[in-house]
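Structure record follows, encoded as structure tokens.
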Amino acid sequence: MSDTSFTGRLRSFADSDLFYSFRRSRTTVVAAVALTLLFVGAVFAPLIAPHNPFDIANLNLLDSELPPSWLEGGNPAYWLGTDTQARDVLSSILYGLRISLFVGFASVILAAVLGVFLGLLGGFVGGIVDAVIMRVADVLLSFPAILVALLINGVMRGILPANQHESAAILVLVLAIGLTNWVQYARTVRGSTLVERQREYVQAARTIGVGRLRIMLTHILPNVLGPVLVIGTINLGMAVLTEATLSFLGVGMPATQPSLGTLIRVGNEYLFSGIWWVVIFPSATLAVLVLAVNLIGDWLRDALNPKLR
Amino acid sequence: MTDAPNATAGAPLLQVKGLKKHFAMSKPFLNRLLEGGETQTVKAVDGLDLEIPRGKTLSLVGESGCGKSTVARLIMGLSNPTGGRIVFDGTDISRAPAGQPAAIRRRMQMIFQDPYASLNPRWRVGDIIAEPLRTYGLCETREAERREVDRLLEFVGLNAKDGDKFPHEFSGGQRQRISIARAISTKPEFLVCDEPTSALDVSVQAQILNLMREMQRELGLTYLFISHDLAVVNFMSDWIGVMYLGRLVEVSPAAELFANPRHPYTRLLLDTIPDLDMSKRDRQPVAGEVPNPINPPTGCHFHPRCPLANDRCRREAPALRVYDGDARASCHAAEEGRDATAIAAQVPVARPHQAAV
Amino acid sequence: MALLEVENLKVEFPTRRGVLTAVDNVSFSVEQGEILGVVGESGAGKSMTGAAVIGLLEPPGRIGGGQIRLDGKRIDNLSPDEMRRIRGRHIGAVFQDPLTSLNPLFTVGEQLVETIRTHLPMSAAEARKRAIEWLAEVGIPAPDMRIDQYPHQFSGGMRQRVVIALALCAEPRLIIADEPTTALDVSVQAQIIGLLKRICRERNAAAILVTHDMGVIAETADRVAVMYAGRLAEIGPVARVLQNPSHPYTAGLMGSIPRVGPRPDRLIQIEGSMPRLTDIPGGCAFNPRCPKAFAQCHRVRPELRPVADGAAACLLYDGVTQ
């Protein structure tokens, strides 16, 4: 039953209730496929993209504002058309996806690590440490996430010299979104920690003489991580959207390193002048990405919920 | 068995004097300020005196709210006493938290009631049993540790291969065996057992109780055994202490307790033991339930339910006195000799045990 | 005719690994006014049996075969609406946890009156008077005052008394009690089983008492059915089965219960543990642990055969050569 080799583990996963529930839900499988495609496209963008839209030398201004290839006037070399500066829309989307996904994952990981650590600390230590952490969390929660992200963003820009704004943009975004979203992890983990702390296996560890930090990290942490995966998955969609919103508002990724949100902002100006493809395709990609992530997050939450089994 | 320091033949291994644990149950400060109300305390343990001789078993019995589990936690250092002293092999450990100091606490271990919650569900069984070995650095190499874990698994009646499995793959009885293996891994002298078989089926309980008796003989262990089941306690104990609402009402050698219970509450408990031999005796269950520990009755806590209660019982809490046969009880009626008729009406309990198969 | 007849009852759970049988071909009957104890360890299927009789099996559990007849009429195949009418009026239930059996948002009186008026034609005033009588009957002091109190204002034992009143107020002829005393202190347990016994006798109501506690059975039941791994091992009058069991499992069970008196060196123990539903051995389910097993026990599943004044499912009584 406990075959610990790799094939053994793979086989027991394939046999598990989790995988079974995955196979049975068609929406989830479709969402997973879509997400995988987007992921692969983003990771391998430099290899897959037909053009490099940021290589100014290679842009042929005569090719600007071409419609998608299946329409009249389209060019098969530019499958989804080009924008006002002859950048291939498809390639821009692939590179933009890269940035959106990177910011999304990085900010989720930052938020999760910070949130889990603070939640664990507050729940286990209690007292004034817990009170301080929870009050900070309460304050953060009472502001809309976008506002907080804008605030952090503004502060960072204030700190950094102007010439570094563009190159540091991606890092600033990750920080802004990550520092906003840690609260949900912290609260959930703190609640679970409070419960697990009373359980007899923790008391057994205390009677054995295991130190408090060790108990926190080796005993309690593995048992409170469960919901974190679910929160993280749903949070990913939100993080991507937040980044897109910030970029759309002009305080996120600059046009020289556009994420999907930036592309939407730039293309939005031309929506009514007829070159609709410049904004519609990035928007559709963003929508599919967030939808797929949310669907998978929903399934995961129900599949991992012991009460629904 | 390790050669314990300060050991004199006959000195008890564990001594408890005047042990108290009070919990503050008042409403939050602001509420008290605005609504007016007093500070309330629950006296979970209210002045307990115990002695456990080396190699023997003392059991604590009682119903909910009597404080027996609290006593177990106080002795193990999981909770700090509000007053009194705990002395282990001559050393005062009243203020010592669980696990400290290592030299002493290593010799005391605990087994818990819930077999499902006392093992970390994410750890492999081998790691669970090895944890004390690692904490105290008892094995020099991984192989030595592995061998020791295997030996412990076999000792408690499991398989060495079970070390690779997770707790959820085992039944309740098997999990208690794993808990026992973990507890004896440091070769302790003293084991506190908090209702170790209450959550188990009766046939599994028999296996675990047999194992524990065997272990006591082989390893020379001293037990503090907590239970609500008098029949189980009869099988396990040399001495039995009966608790009611934080106080020890009677403590006697086991045979003496069953033959000559001195305290009316003890008689009530003995009366509730089911009559499996179907002698169809006429039982009159005593009325009432254990009162709320926040507002216990004055004087002797048991007086509202006691058929022998008088005025003195309502005013004055009785002290523990010694009677024949080394029995101790705190009861005014026993002291004044008023309980003669009660004893006469009591059920004869010494029946020979029949082998059923 | 017996009040309740259960014939070849089968309770199943479809899972993705196949169909698990929690109760396998169990048959027994309960006469009017009789208390039948159903005893077994965890996983034996005794709670499932009780739940099947009263129609409260949790899905995906379902009755996979057999019949349950109340007064000669089948009740296992009724629609949920029809079953709801049977519950309360004809079959009452007492469950283990008095805290969750009562609705914390309604007073005890409101719950009693609701149950009474659902099943019996009565005005609100009459129902309230009846409710007060019931509270007095189950031993609640000052019932006319306590009828307007909420469940949390009662202690555990008092709550269980209210639950018993609730189960009986519509005057059913059969009660299913599932571990009614397990969550209570031992001194209160004695009071509650005494109450249950007295009330059933006075009203000539039958009861099925499901429990793992042999002591409760010894004090309360007239007959006892012993279950193992979803099957009936033995059934018969309580005194005889407990003192002179026919089935080796019952004998092992009785031997492993610690008693008061001179203490033995060891308790009699049955090796191993009850098999999980997915791993029930072929032939007799008890055979790997049975001290009296012989070759046929692995192959042939024993049927329930009359033994002494009861019945047992064991090849020792089957006339099979050993």
Side-chain angles (χ1 to χ4, degrees), chain A residues 1-6 8-9 11-13 15-18 116 120 123-128 130-131 134 189 192-229 304-307 309, chain B residues 72-73 75-79 96-106 108-137 161-169 175 178-179 182-183 185-186 188 191-192 194-195 199:
Chain A
M1 168 104 204
S2 287
D3 179 0
T4 44
S5 71
F6 181 66
R9 281 208 167 108
R11 205 172 299 132
S12 75
F13 175 71
D15 199 30
S16 69
D17 284 332
L18 194 67
V116 168
L120 199 56
F124 193 71
V125 173
I128 202 158
D130 183 35
M134 282 300 114
V189 167
S192 304
T193 304
L194 286 175
V195 170
E196 295 297 312
R197 198 176 69 165
Q198 304 300 335
R199 304 204 95 205
E200 284 161 339
Y201 68 83
V202 171
Q203 298 186 5
R206 285 175 64 199
T207 60
I208 293 171
V210 181
R212 289 173 87 188
L213 186 65
R214 244 192 116 94
I215 293 184
M216 205 171 88
L217 294 176
T218 57
H219 278 287
I220 299 193
L221 182 61
N223 282 296
V224 300
L225 280 182
V228 170
L229 186 59
L304 291 181
N305 184 351
K307 297 203 185 107
R309 289 200 205 134
Chain B
R73 295 173 53 92
I75 290 178
M76 286 307 295
L78 287 170
S79 184
Q100 298 301 325
I104 305 268
R105 290 293 189 188
R106 217 193 90 189
M108 313 166 71
Q109 288 293 344
M110 185 160 177
I111 302 175
F112 297 86
Q113 174 175 359
D114 186 349
Y116 296 90
S118 51
L119 304 175
N120 190 329
R122 306 267 170 188
W123 282 37
R124 286 186 199 271
V125 163
D127 292 320
I128 293 176
I129 298 179
E131 189 177 23
L133 298 170
R134 290 176 196 158
T135 311
Y136 293 110
K161 284 193 298 205
D162 288 334
D164 286 326
K165 299 187 185 170
F166 287 95
H168 64 80
E169 299 175 52
R175 281 186 225 209
I178 297 171
S179 283
R182 173 178 61 189
S185 60
T186 62
L191 228 49
V192 172
D194 189 357
E195 309 239 29

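All values reported here derive from a predicted model rather than from experimental measurement. Letters A, B, ... are given to chains in the order of the sequence lines, protein chains preceding strands, and every chain is numbered from 1.
- Considering CD1 of Ile208(A) and OG1 of Thr186(B), their distance stands at 8.5 Å, rounded to 0.5 Å.
- For Pro227(A), the side chain to side chain contact (heavy atoms under 4.5 Å, CB included) test picks out Thr188(A), with sequence neighbours left out.
- Using a 4.5 Å heavy-atom cut-off against chain B, the contacting residues of residues 192-201 of chain A are Arg199(A), Glu200(A), Tyr201(A).
- Here Arg182(B) contributes atom CZ and Thr207(A) contributes atom OG1; the two are 7.0 Å apart, rounded to the nearest 0.5 Å.
- For Leu78(B), the parts lying under 4.5 angstrom from a heavy atom of chain A are both the backbone and the side chain.
- Judged as a side chain to side chain contact (heavy atoms under 4.5 Å, CB included), and not counting sequence neighbours, the contacts of Asp130(A) are Met134(A), Arg190(A).
- Between Glu131(B) and Arg214(A) the shortest side-chain heavy-atom distance does not fall below 4.5 Å.
- Contacts between residues 111-118 of chain B and chain A, defined by a heavy-atom separation under 4.5 Å, are made by Phe112(B), Gln113(B), Asp114(B), Ala117(B), Ser118(B).
- Going from atom CD of Gln203(A) over to atom CE of Met76(B) covers 10.5 Å, rounded to the nearest 0.5 Å.
- The two atoms that bring His219(A) and Asn120(B) nearest to each other are ND1-ND2, 3.0 Å, heavy atoms only.
- In this structure, Pro121(B) and Asn223(A) approach most closely via the heavy-atom pair CG-OD1, 3.3 Å.
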